[in-house]
Amino acid sequence: MELQKVSIKRIIGPTPSGAAVLVGNEDKTFVVFIGFYEAAALIREINKDVPARPLTHELIQNVFLGFDVEIKQVIISSIIDNTFCATLILRQRVNDNGVSTRSEVRIDARPSDCFVMALKNDVDLFVAKEVFDNVPDVTHMAEDVVG
């Protein structure tokens, strides 16, 4: 699968119905709509806010740390029925009798959760070229919001 590296450029919202996440690179920006609570989690992570008690993404992060699992890659992998799908590629380091091996697994996930986990772990975001080539370019929206 050919991939394009992207980043979160801007979040518009949240409103009670959710937020628009502008994702892209120098070639194109596209929009991923997410729910209100997912937007709140993403904004918390962007702002480096630490909740008093672990919320869902912190719980997942703690499980990853406990089992020595790292996020290898985050990919917006497809669009099904006008819904973006993402793949979280995880790698676990396993020490078997002094021999270190790595086990890899691909998890189907929501892009909103992947955005938060990628930021939390300082991992790059990618989009499948097929998806990137077929989404509308909203670069002007990112430029309009910045000004």
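Note that this is a predicted model, so its numbers are computed, not measured. All values below were derived from every heavy atom in this structure, side-chain atoms included, with hydrogens, water molecules and symmetry-related copies excluded.
Side-chain heavy atoms closer than 4.5 Å link hydrophobic residues (I, L, V, M, F, W, Y) into clusters, and following such links, possibly through other members, connects Val135 to Val21. The hydrophobic clustering, which links ILVMFWY residues whose side-chain heavy atoms are closer than 4.5 Å, places Leu119 and Val123 together. Linking ILVMFWY side-chain heavy atoms closer than 4.5 Å, directly or via other members, places Tyr37 and Ile34 in two distinct hydrophobic clusters.
Of the possible donor and acceptor atoms, one in the side chain of Asn62 sits under 3.5 Å from a partner among the backbone N and O of Glu58. Looking only at distances, a side-chain donor or acceptor of Gln92 sits under 3.5 Å from a matching main-chain atom of Phe67. The backbone N or O of Thr29 lies less than 3.5 Å from a partner atom in the side chain of Asp137, making a donor-acceptor pair. Remark: side-chain polar atoms of Asn25 are paired, donor with acceptor, to backbone N or O of Lys28 under 3.5 angstrom.
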Acceptor/donor pairs from residues 42-53 side chains to any protein atom, 3.5 angstrom cut, sequence neighbours excluded:
residue : atom : partner : partner atom : Å
Glu45   : OE1  : Lys120  : NZ           : 2.8
Asn47   : ND2  : Ile43   : O            : 3.3

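With ring centers used as reference points, Phe84 lies under 6.0 Å from Phe30.
Between Glu70 and Arg91 there is a salt bridge, since a side-chain N of the basic residue sits under 4.0 Å from a carboxylate O of the acidic one. Using a 4.0 Å cut-off between a side-chain N of Lys or Arg and a carboxylate O of Asp or Glu, Asp124 and Lys5 qualify as a salt bridge.
Rounding to the nearest 0.5 angstrom, the gap separating the OG atom in Ser112 from the NE2 atom in His57 is 6.5 Å.
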